[in-house]
Amino acid sequence: MRLLSARLIVSLIIGVTLVSLCSSYYQVLVQQNALRKDVQRRAEVLGDSLTRNVERDLERNEPQALQRTVQRFANREHLAGLAVYDPKGRVIAVTTDLEPIMATAPAVVTRVLQQDQSADSFQKLGSASVNIYVQPLHRQNQVIGALAIVHDTGYIRSESLRIWRETFLSALAHVVLIAFITLLIVRWSVAGPIARTAHWMKALRTGRAPATRIKAPDLELFRPLAREVATFAESLNTARSAAELEARLREKGESLWTAERLAVHVRARLEDGRLFVVSNREPYMHMRRGKAVEVNVPPSGLVTALEPVLRACDGTWVAHGSGDADLEAVDSRDRLRVPPDDPRYTLRRVWLTKEEEEGYYYGFANEGLWPLCHIAHARPIFRAKDWKFYQEVNRKFADALLEEMEGTIRPVVLVQDYHFALLPRMIKQSRPDARVAIFWHIPWPHQEAFGICPWQKELIDGLLGADLIGFHIQSHCTNFLQTVDRIVESRINWEHFSVQRLDHLTAVRPFPISVDFPQAPAEPAPEPPYVERSALLKALGIEATFMGIGVDRLDYTKGILERFLAVERFLEKYPRYQGSFTFVQIGAPSRTHIKRYHDLQAEVEAEADRINWRFQMERWKPIALLNRQHNHQEIQPYYRAADLCLVTSLHDGMNLVAKEFVAARHDERGVLVLSCFTGAARELRDALQVNPYDIDQSAEAIRAALEMEPEEKQMRMQHMRKIVRENNVYRWAGNLIAELCEVRLDLQEGTGERHQIAASVGGSG
Ligand code: G6P
């Protein structure tokens, strides 16, 4: 670095000096020219004013008068003297100083006498530099002599030297200043950041501190480089953590699922096949923010679960391009490589018109199927035009997917959720060689509840096109098979949980989805929960000792109003907590074009206001409602600092908030209050389970959570953490793909063989 700086400085000095010299030379030339012109002008003026007098003296033939005239004009600035010559070039009158050197007429005098035209000459006279200006003298148009005006031009030379000296000094000052400033810039903007980056990379390489703790240096000037370095460091770090984790697990004899293990597992299962995922939500959205375009990752459990799989096997993800700048980011075939910073797989975007989105997504999927599948007492709305769009959009996605699958052997397709019930059949009809699974992320209701859907038969038929249908829990599988039994002609095998319809066999299995389970940070958390808690509350303008947390999309299935009523009941029943317990609700607005969701937002706000108005005092209030989308990093501190987390869904397929809360509690503290109507309640038995409709029971659970003995809290949390850790999202994806890859497309139920295969693999753990 030092050598580089020295080279830079020397080059700069040479460069600046050369530029200064050239510019000085030019300045000197300009100045010399101006001074010469000035001398010539002065000589001409003097010549004009003298000529008449000299001619008169010559006419009168008065040599003394002539001598007096020339002598009189001789003392002007820079004037060396005057001389008058006759037509033969003999001197007639001359000022005293010039007498010895002008006795013989200089060449310019002779020339003027011959040509009868004034002229001048810069020349040496003896040792002096002079300008001789010569003007012809006339009588009646006859040349009777010449007047020579001699200026001393020595001062022009000294003036030029002065300019050279001054320019040199100023160039010197510039060189020193520029070199100094450059040195500073190099130090601050180049050497400093590079040294800090080197230090940072060394710390990462030697693993002296966890990467999350080492802040990446600010590389302002080198943004593109910084991005690359950060991605590089992140990959290095992920690889190191994975290797460390793997080693630790091996040491303990554990066989936990990790992203890396999933990657190896999926690659082995797929062999030379290719993986395709279809979902409504896309993993990366390009959004316009002012003039810039931002890439957002929607906070979705589905994205967390499927990203590592896609990354591992370079698959293709087909999804709705819903970002307002999505169109600009794709190629001519509507594809782009993602993640944008470190491209590993292909995202194929499907475009929907406003009407299609309205009918398929808002209408049929979210006003029809969503309330139909959740028992939350919201009446499903089925409109024929929504159904038409649902079919059309499913077709559109099927066509996009089939196009992506062209030329692929052994394609493996994972369809996600209730937006695409018709897709499995559509795919299979065109590509019977594809292995197709659909995972239904929401509950499947009892057959009688499902029976109100006017297009139940078509939906079931579409789903049964799949080789594998996944639900979160066993009871959803049972409900589904009972629905199939009631609606379509088929053979159900209750022993193996499969359906044979015509010549196609579909396995139905539970795969409880989960979350990533981050390792505890190597160092203890920087602050104990109570410090983090009071800081978080202080930022909200609240002072309280205890804090509860709830995190949801603002959805009527989540039981948010019931939760607020439970908080109110708790404060009523246990007034000692008034002034000391605050419940923070993070509520992300969702599907707000739908009236029911729009109204819910207003209802939730009104209810929080009502309860706050009833109890609030000075710097305390019972409910803090933060109704905007928070990203994963923003939510973590609330999970870590809360005394309890309230999950009171009226009905929920799984509920990942419950698992996220457990995964975030490295301190093994905090109590989970969990609705018994969530899929998660099957696994998290150590939560305080409540019926969210029973407000008193939930209020009691809040009290029990706050007053639970620390040992009991720890014991419960340890149990729950073990379950979430072992059944993490990688295991979910691994089991789903393993089961799908076991499907033998050539075998039928009748042979009994496939049955055994399905039975031996079993469901996910
Ligand atoms: C449910 C669905 C998911 C969906 C999520 C968010 O959990 O099962 O598929 O991603 O809600 O809903 P949104 O309509 O915003 O995609």
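Any value given below was found using the heavy atoms of this structure, including those in side chains, with hydrogens, waters and symmetry copies removed. Index from 1, following the sequence. Ligands are counted one by one from 1 in listed order, and the atoms in each one are counted from 1 as well.
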For Tyr638 and His630, take the angle between the two ring planes, folded into 0 to 90°, and tell me which bin it lands in: parallel under 30, tilted 30 to 60, perpendicular over 60. perpendicular
Do the non-hydrogen side-chain atoms of Met654 and Pro512 ever get within less than 4.5 Å of each other? yes
Side chain, backbone, both or neither: Phe439 near ligand 1, heavy atoms under 4.0 Å: neither
According to side-chain contact (heavy atoms from CB on, under 4.5 Å), who are the partners of Arg395, at least two apart in sequence or on a separate chain? Ala398, Asp399, Leu402, Met426
How far is atom 8 (O) of ligand 1 from its nearest protein heavy atom, and which residue and atom is that? Asp417 OD2, 2.7 Å
With a 4.5 Å limit on heavy-atom distance, are the side chains of Arg509 and Glu739 in contact? yes
Polar-atom distance check: Arg591 versus ligand 1, any N or O pair below 3.5 Å? yes
Examine ligand 1 and decide if any of its atoms is less than 4.0 Å from a heavy atom belonging to Tyr597. no
Can you check whether Tyr418 has an N/O within less than 3.5 Å of an N/O in ligand 1? no
When every non-hydrogen atom of Phe471 is compared with those of His476, the smallest separation belongs to CB-CB, 3.7 Å
Answer yes or no: does an N/O atom from Tyr361 fall short of 3.5 Å to an N/O atom of ligand 1? yes
Excluding sequence neighbours, so at least two apart, what forms ring pair (Phe, Tyr, Trp, His ring centres under 6.0 Å) with Phe517? none
Please say whether Arg281 places an N or O atom under 3.5 Å from an N or O atom belonging to ligand 1. yes
Per-atom contacts of ligand 1 with Ile442, taking only distances under 4.0 Å to non-hydrogen atoms: 8 (O)
Which residue and non-hydrogen atom of the protein lie closest to atom 1 (C) of ligand 1, and at what distance in Å? Trp370 CZ3, 3.7 Å
Value rounded to 0.5 Å, distance of NE2 in His419 from CD1 in Ile442: 8.0 Å
Please work out which of His441, Met654, Arg553 has its closest non-hydrogen atom nearest to atom 6 (C) of ligand 1. Arg553
